[in-house]
Amino acid sequence: MTDWINLLQWPAMAVTVLAAWLVASSHHTRRKVGFWCFLASNALWVAWGLHDQAYALIALQLCLVATNVRGALKNQDKQ
């Protein structure tokens, strides 16, 4: 199980990069998907952080969840 959790950081990183790419799009739908990807990456990072006892990373991800939810809501207003 430890090896699987250690490998979780790579998909978390990839989803984070994909999310950043999508959120920077000028298309509303891509930005919307980007915010959902960011939320998925936050969950992946929290899972990895719990295993490695990286509490600062977990706190960061929880703060980023708030900013991602805020961004998603602001993106809805722009429709």
Side-chain angles (χ1 to χ4, degrees):
M1 177 98 172
T2 302
D3 291 334
W4 181 82
I5 291 292
N6 283 331
L7 292 176
L8 191 60
Q9 64 185 313
W10 294 104
M13 185 270 307
V15 174
T16 303
V17 171
L18 173 65
W21 181 269
L22 291 170
V23 166
S25 174
S26 60
H27 295 91
H28 170 76
T29 304
R30 288 184 191 151
R31 285 192 310 271
K32 184 176 179 180
V33 171
F35 284 115
W36 281 105
C37 287
F38 264 135
L39 291 171
S41 77
N42 295 140
L44 291 169
W45 281 118
V46 167
W48 184 81
L50 285 171
H51 176 266
D52 279 21
Q53 298 177 341
Y55 300 116
L57 176 68
I58 294 167
L60 171 63
Q61 294 307 311
L62 295 176
C63 293
L64 291 174
V65 164
T67 62
N68 290 326
V69 168
R70 180 178 179 262
L73 292 174
K74 284 185 160 268
N75 189 49
Q76 276 184 339
D77 296 340
K78 302 278 184 185
Q79 280 183 320

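With values rounded to the nearest 0.5 angstrom, I5 atom CD1 is found 9.0 Å from D52 atom CG. Rounding to the nearest 0.5 Å gives a distance of 10.0 Å between CG of L39 and CG of L64.
S25 and R30 get closest at one heavy-atom pair: OG-CD, 3.4 Å.
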Could you go through residues 14-24 and list every donor-acceptor pair under 3.5 Å that involves a side-chain atom there, pairing it with any protein atom two or more places apart or in another chain?
unit_1	atom_1	unit_2	atom_2	d
T16	OG1	A12	O	2.7
T16	OG1	S41	OG	3.3
T16	OG1	W45	NE1	3.2

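Residues F38 and W36 do not share a hydrophobic cluster, defined by chaining ILVMFWY side chains whose heavy atoms lie under 4.5 Å apart. Residues F35 and L73 are members of separate hydrophobic clusters, defined by side-chain heavy-atom contacts under 4.5 angstrom among Ile, Leu, Val, Met, Phe, Trp and Tyr.
Membership of the apolar cluster around I58 extends to V46, L50, Y55, L62, as traced through chained side-chain contacts below 4.5 Å between ILVMFWY residues.
Among pairs with a residue in residues 56-73, those fulfilling side chain to side chain donor-acceptor pair (under 3.5 Å) read N42-Q61, N42-N68, at least two apart in sequence or across chains.
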